[in-house]
Colleague: 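First the structure, then my questions, so here it is.
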There are 2 protein chains.
Amino acid sequence: MDNVFKALADASRRRLLDLLRADNGQTLGRLCEHLDMTRQAATKHLKLLEEANLVVTIWRGREKLHYLNPVPIHEIADRWIGQFERHRLRALDDLKKALEEENDV
Amino acid sequence: MDNVFKALADASRRRLLDLLRADNGQTLGRLCEHLDMTRQAATKHLKLLEEANLVVTIWRGREKLHYLNPVPIHEIADRWIGQFERHRLRALDDLKKALEEENDV
DNA sequence: TTGACATGCAACCATTTGGATGCATAATTG
DNA sequence: CAATTATGCATCCAAATGGTTGCATGTCAA
């Protein structure tokens, strides 16, 4: 799961996921058209996304098609973020009380 | 939002959030007891978490209390992850079809 | 079969990151 | 007041990161 968080930490990589969400199955070349970096830099980002299993690739001839895999994001939402969502109102209340107490003292 | 993703990218920082979720309002010293690094290293992590607004601190005497702020995580879940969740089944279907086609050819 | 096209691989570079160490400051306590 | 405690600030360091450039490989098309 650390892989996934790390992969999501970079704006260019999130951009790539957005591009695939808009149009799934794009080649490297097409993805690069929307990015302000060399093809090789984009390749590195895509490699991290693949390693985090956020992107799955399929070779067709000399082209490499990139597909979004939504499963890891779903798992993070479900397992990790879910835990914070469950305690969300309590945490907000803790914070509110602490801030009030601060003003009193 | 980039701040938040970056802050979440490190396992030690996610650990700190977990510690606060378990027991909100801890001092720096108490948080350090659970971490395998120097106090100064932990301070740096907490600084990033504060800058991402994931943690709010309150001074009480010489102690600094750390509180979880659940809002940024909620926003990410809502705005960013939500977009992927909405297209999740379609993305899975795209991927499934692409993999099937690959086997045919 | 030759040339163009899509991608990969490797080396290199600057900056950021995660951590340590040493010293400084402010608050509490005996 | 002196000693202890809780934290901050600055510097240094190694490793990771994000990017570039140059060259290599495999595929398609004339």
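Protein chains get the first letters and strands the later ones, always in sequence-line order, with residue 1 at the start of each.
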Colleague: Between D:dT25 atom C1' and A:Lys64 atom NZ, what is the distance in whole Å?
Modeller: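 Taking NZ of A:Lys64 and C1' of D:dT25, I get 14 Å after rounding.
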Colleague: Could you tell me the separation between the NE2 atom of A:His66 and the C1' atom of C:dG8, rounded to a whole number of Å?
Modeller: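 To the nearest whole Å, that distance equals 12 Å.
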Colleague: Given side chains that start at C-beta, do those of A:Leu46 and A:Thr43 come closer than 4.5 Å, heavy atoms only?
Modeller: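 A:Leu46 does not reach A:Thr43 side chain to side chain.
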Colleague: Round to a whole Å and report the spacing from CD of B:Glu33 to C1' of D:dT5.
Modeller: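 Going from B:Glu33 (CD) to D:dT5 (C1'), I get 13 Å.
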Colleague: Under 4.5 Å between any side-chain heavy atoms of A:Met37 and A:Ser12, yes or no?
Modeller: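 With C-beta onward as the side chain, the pair touches.
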Colleague: Can you tell if the side chain of B:Ile81 reaches within under 4.5 Å of the side chain of B:Ile76, non-hydrogen atoms only?
Modeller: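 B:Ile81 reaches B:Ile76 side chain to side chain.
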Colleague: Which pair of heavy atoms, one from B:Ala52 and one from B:Val4, lies closest together, and at what distance?
Modeller: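 Scanning both residues, the minimum pair turns out to be O-CG2, 3.7 Å.
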Colleague: Should the side chain of B:Gln40 and the base of C:dG22 be counted as holding a donor-acceptor pair, with the cut-off at 3.5 Å?
Modeller: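 Pair found.
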Colleague: With side chain to side chain contact (heavy atoms under 4.5 Å, CB included) as the test, would you mind laying out the steps for A:Lys64 and A:Ile58 before giving the verdict?
Modeller: CA-CA 6 Å; A:Lys64 191 181 191 179; A:Ile58 292 174; over 6 Å; no
Colleague: More 5' along DNA chain C: A:Gly29 or B:Glu63, using each one's nearest nucleotide?
Modeller: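 Looking at the nearest nucleotide for each, A:Gly29 comes out on the 5' side.
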Colleague: When you compare the side chain of B:Val55 with that of B:Leu16, does any pair of heavy atoms fall below 4.5 Å?
Modeller: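 With C-beta onward as the side chain, the pair stays apart.
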Colleague: Name the pairs: protein N/O against N/O of nucleotides 13-19 of chain D, kept only if under 3.5 Å.
Modeller:
residue, atom, partner, partner atom, Å
D:dG18, OP1, A:Asp10, OD1, 3.3
D:dG18, OP2, A:Arg13, NH1, 3.1
D:dG19, OP2, A:His45, NE2, 2.3
D:dG19, N7, A:Lys44, NZ, 2.9
D:dG19, O6, A:Lys44, NZ, 2.3

Colleague: Between A:Arg62 and B:Arg30, which is nearer to the 5' end of DNA chain D once each is assigned its nearest nucleotide?
Modeller: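 With B:Arg30 and A:Arg62 compared, the 5'-side residue is B:Arg30.
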Colleague: Would you mind reading off the distance between A:Leu65 atom CG and C:dT7 atom C1', rounded to a whole angstrom?
Modeller: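 Atom-to-atom, A:Leu65 to C:dT7, this comes out as 12 Å.
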Colleague: Would you kindly give the CH2-to-P distance between A:Trp59 and C:dT7, to the nearest whole Å?
Modeller: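 My rounded result for the distance is 7 Å.
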Colleague: To the nearest Å, how far apart are B:Leu28 CG and C:dA26 C1'?
Modeller: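 From B:Leu28 CG to C:dA26 C1': 15 Å.
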Colleague: Rounded to whole angstrom units, what separation is found between the NZ atom of A:Lys47 and the P atom of C:dT7?
Modeller: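 These atoms are roughly 17 Å apart.
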Colleague: Give a yes or no answer on whether the side chain of A:Arg13 reaches the backbone of A:Ala7 with a donor-acceptor pair at less than 3.5 Å.
Modeller: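 At least one qualifying donor-acceptor pair exists.
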Colleague: What integer distance in Å separates B:Arg39:CZ from C:dT21:C1'?
Modeller: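 From B:Arg39 CZ to C:dT21 C1': 11 Å.
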